[in-house]
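The chains referred to below are lettered A, B, ... by the order of the sequence lines, with proteins before strands, and numbering in each begins at 1.
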Amino acid sequence: MAATLSHQYHHCHNSISAIKLSEKRLTDSKPRTSIPIPSCRRKPKNSIENRRDSSLRRAIRNHVDSGQMREALEIFEKMDCSETYVWNLMIRGFTDNGLFFEAINFYRRMENQGIQADNFTYLFVIKACGASLSFFEGQKVHGKLFKVGLNSDVCVCNSLVSMYGKSGFIKLAGELFDEMPVRDLVSWNSLVGAYVAVGDGRNSLACLLDMQAFGMTPDRVSMISALKACSIECFIRSGKEVHCQVLKCGFELDLMVQTSLLDMYSKCGRVDYAERLFREISQKTIVVWNAMMGGFVLNSQPQKSFACLKKMQEDDNLSPDAISIINFLPSCAQFGAFLDGKSSHGYAIRKGFLPHVVLETSLIDLYGAFGKPKLAEYIFGQMEEKSLVTWSSMISAYVQNEQNEEALNLFLELLIKPLQPDAITLASVLPAYSEVATLKEGKQIHGYISKSEHRSNTYILNSLVYMYAKCGEPETARAIFDRILFRDVSSWNTIIMAYAIHGFGRKSIELFSMMRDEGIRPNYITFVSLLTSCSTSGMVDEAWRFYNSMKRDYNIVPGIEHYGCILDLIGRTGNLDRAKNFIEEMPLTPTGRIWGSLLTASRNHRNIELAEHAAEHIFALEHDNTGCYVLLSNLYAEAERWADVERIKSLMKQRGIKKTVGWSLVESTTSSKPYKFINQDKSHVQTNIIYDVLSILLRKIGEEKSVHGMIKLKPQDLKNNRAYSAENHSVRLAICFGLISTKVGKPVLVRKNTRICKDCHSVAKKISEITKREIVVGDSKVFHHFRDGNCSCGDYW
DNA sequence: ATAGGGTTAG
């Protein structure tokens, strides 16, 4: 706002030329095909040469106007021309046809050859600079203008304002505008557009008001920019005001204005208004169809988007272009129509739309959403040109498909590229850090964010809070939470959840009351976090209290997640009948997660029959639920029902289900990357020492088994024992390595991708006792803080 | 003879 109001607006009364110009532009049809008049007789050229040149000029112009730049260039090179007009023609041609760098190069060549540039030359080249975001080149041209005395030309200045806006230098655009000796309507529109270009809809609209205060009447271009400003800010009220102005000025039949109105309404969430406008547009171009399709996608109406794609071909005989496909693809994901997505990809290939950065990026999104990270990766790998959005999309595709390490590696690769991660990139990668990073790596990304411009972005800080909790430092999570400038409801939900996963239930409840004291209204997620906390901390009474309160006091209907937490708690008490009844009486259809809760409870209370019942339900819903197979098979193993164990095993084999490889991560002293141990891991360079430490500790604890004993077992015993023996489980190896590679007094931090087993849990407790070290193990559900022989989870997890 | 600002895209 301040930037606009600071403008000095001198000479604004001088608007006669502006009115003329805007009137002229209202009938906006350029006589592009008019025959060029031969240039006035100049130098000693004979008439034959003159005639020849003029026909060549005409040929160039025809090629330029029909987009055949190669042909135009061919003629140009043959005629060896020193006429400014022809050079201008070429530069304009390149710019109009999207060949911005060629345009800039041509201008350079012109300079080198000493050919006089004029105001037209500068206009075209500045336009090319703006479109290609070549800020430095644009600034050089700007400097040159002073030398040649064109720095006050109103057209040139207008295009400079626009160029600075497009390159993101809004301050320069504003300053230039302020300093212009003469301003017309286009100058104002350029500034309005510049604000839109940097995503500042507020100032764009403020500028629109200012221009009217200075006696300028907005024209159709002003309206189009203003509507875009409204969509950026989701200002539907302003949008409607502009709509009224459109009607008052009689622009309602202007196709571009109509399209902009349609787009504004759908971006502001009123796709119904957009649809009504759409129906009234008589001349539906591909842009109109695309905008409508985009509106349906944005407002999650994939069916209608599908219908659009069909109808644009049937009704108007238009064939979808690259933008149509870009708009259409998300609706395939929304609709779960993988085949349609894939065939759109095929269509794009057949139509020759590829390579195309935006389209390819959309395809990465598509395949990411459909659980095909390999396909996304393929597209990413073969792309010639990648934008920051491309990288963010690929990172996000990995994260969505639980390929967190790939996401981290790709992010690190991005950091050494000239592209700077933006808020979206960071928001995409942070969940990957939460899942698989160690504290050291977490601190690195935190440091990076602190130094970036995103250091006070609430959304990102919320992710950081969660990340610290998941990396094992709830205190740091809290410290960051405390320093968030603008805490939203997610900030509170996150810190409550942070304490929940560490089993600090009291803390969660404390934060919940602080949240209420600050007048933040809890939402659905808040109660998921709270109930999770009650469940991990075993606070049964509190859980019921919150459960009742959410309906009564906040009018929030409990969802499946809430029922899951309550069920966990019932299961924990061991009242399995009650748990079973609870599921039956639930008003919602039980999900795999619900049956999983019953399965865990049955396992912990050794009720094989009920476990089988739960597992049956899980398999009916998710035949590929690996955890369910493993849990069931472990249950049988504990009961020494080896035949059943074998049955489950062959079932898994038959259905092509592979056991998730369990791993434990621990920071490494020798490398910046953490070390990932798997069960029976022997790959670490310090393997011998690690196993020696483990052996000594186990002997002290009294688990009198040799850790190298596995080798001595008979093959048959090995077969039965190996998978179920906890002796060399990854978590133990990680703890031992942690003990010898971290400073005494510091806790040993280990992260696991699966639940910790009972044996390892009790071993960890004892290790914490005899080594007098705090050991923190974050498994796939909760964190275990082992200290002095006890665990924070209270031996239930 | 050529102008400047403006519609759909991740």
Engineer: Between A:Met264 (CE) and B:dT7 (P), how many Å, whole number?
Structural biologist: 15 Å
Engineer: So if I take every side-chain heavy atom of A:Asn290 and compare against B:dT8, B:dG10, B:dG4, which nucleotide ends up nearest?
Structural biologist: B:dT8
Engineer: Any base atoms under 4.0 Å from A:Ser260, or only sugar-phosphate, or nothing? Heavy atoms, all strands.
Structural biologist: sugar-phosphate
Engineer: Which nucleotide in the list B:dG4, B:dA9, B:dT7 gets nearest to the side chain of A:Phe124?
Structural biologist: B:dG4
Engineer: When we call it a touch if two heavy atoms are under 4.0 Å apart, what does A:Asn88 touch: a base, just sugar-phosphate, or nothing?
Structural biologist: base
Engineer: Rounded to whole Å, please give me the gap between CG in A:Asp316 and P in B:dT8.
Structural biologist: 19 Å
Engineer: Strictly by modelled atom types, are A:Ser396 and A:Ser393 linked by a side-chain donor-acceptor pair under 3.5 Å?
Structural biologist: no
Engineer: Check the distance between B:dA9's C1' and A:Glu360's CD and give it to me in whole angstrom.
Structural biologist: 13 Å
Engineer: Ring-plane angle category for A:Phe94 and A:Phe106, please: parallel below 30°, perpendicular beyond 60°, tilted otherwise.
Structural biologist: tilted
Engineer: Run the salt bridge (charged side-chain N to carboxylate O under 4.0 Å, His left out) check on A:Glu175 and A:Lys171 step by step: do they pass?
Structural biologist: CA-CA 6 Å; A:Glu175 282 165 10; A:Lys171 203 161 165 263; 3.5 Å; yes
Engineer: Considering only side-chain heavy atoms of A:Arg61, which listed nucleotide, B:dT2, B:dA3, B:dT7, is closest?
Structural biologist: B:dT2
Engineer: Go through the N and O atoms of the side chain of A:Ser159 and the base of B:dG4, and report whether any donor-acceptor pair is under 3.5 Å.
Structural biologist: no
Engineer: Could you tell me the separation between the CZ atom of A:Phe380 and the P atom of B:dG10, rounded to a whole number of Å?
Structural biologist: 18 Å
Engineer: Measure from NZ on A:Lys228 to C1' on B:dA9 and round the result to the nearest Å.
Structural biologist: 10 Å
Engineer: Given B:dG10, B:dG4, B:dA3, which nucleotide is nearest the side-chain atoms of A:Val358?
Structural biologist: B:dG10
Engineer: Applying a 4.0 Å non-hydrogen cut-off, can you work out what A:Val357 is touching in the nucleic acid: base, sugar-phosphate, or nothing?
Structural biologist: base
Engineer: So, under a plain 3.5 Å distance rule, would you say the side chain of A:Asp184 forms a donor-acceptor pair with the base of B:dG4?
Structural biologist: yes
Engineer: Classify A:Ile323 by what it touches in the nucleic acid, base, sugar-phosphate, or nothing, heavy-atom distance under 4.0 Å.
Structural biologist: base
Engineer: Could you tell me how far apart A:Asn119 (CG) and B:dG4 (C1') are, to the nearest whole angstrom?
Structural biologist: 11 Å
Engineer: For A:Glu111, enumerate each residue passing the salt bridge (Lys or Arg N to Asp or Glu O under 4.0 Å) test, keeping only those at least two apart in sequence or located in another chain.
Structural biologist: A:Lys144
Engineer: Considering only B:dT7, B:dA1, B:dG10, which nucleotide approaches the side chain of A:Arg57 most closely?
Structural biologist: B:dA1
Engineer: Among B:dT2, B:dT7, B:dT8, which nucleotide has an atom closest to any side-chain atom of A:Asp118?
Structural biologist: B:dT2
Engineer: If you look at every strand shown and take non-hydrogen atoms under 4.0 Å, does A:Ser190 touch a base, only sugar-phosphate, or nothing?
Structural biologist: sugar-phosphate
Engineer: Look at all strands and tell whether A:Lys267 reaches a base, only sugar-phosphate, or nothing, counting heavy atoms closer than 4.0 Å.
Structural biologist: sugar-phosphate
Engineer: Rounded to the nearest Å, what distance is computed from the CZ atom of residue A:Phe106 to the C1' atom of nucleotide B:dT2?
Structural biologist: 16 Å
Engineer: Without decimals, in angstroms, what is the distance between A:Leu176 CG and B:dG4 P?
Structural biologist: 17 Å
Engineer: Using a distance-only test with no angle check, is there a side-chain donor-acceptor pair under 3.5 angstrom linking A:Tyr367 and A:Glu377?
Structural biologist: no
Engineer: Taking atom types as they are modelled, is there a donor-acceptor pair under 3.5 Å from the base of B:dG10 to the side chain of A:Thr390?
Structural biologist: yes
Engineer: Once rounded to the nearest 0.5 Å, what's the spacing between atom CG of A:Leu309 and atom OG of A:Ser324?
Structural biologist: 7.0 Å
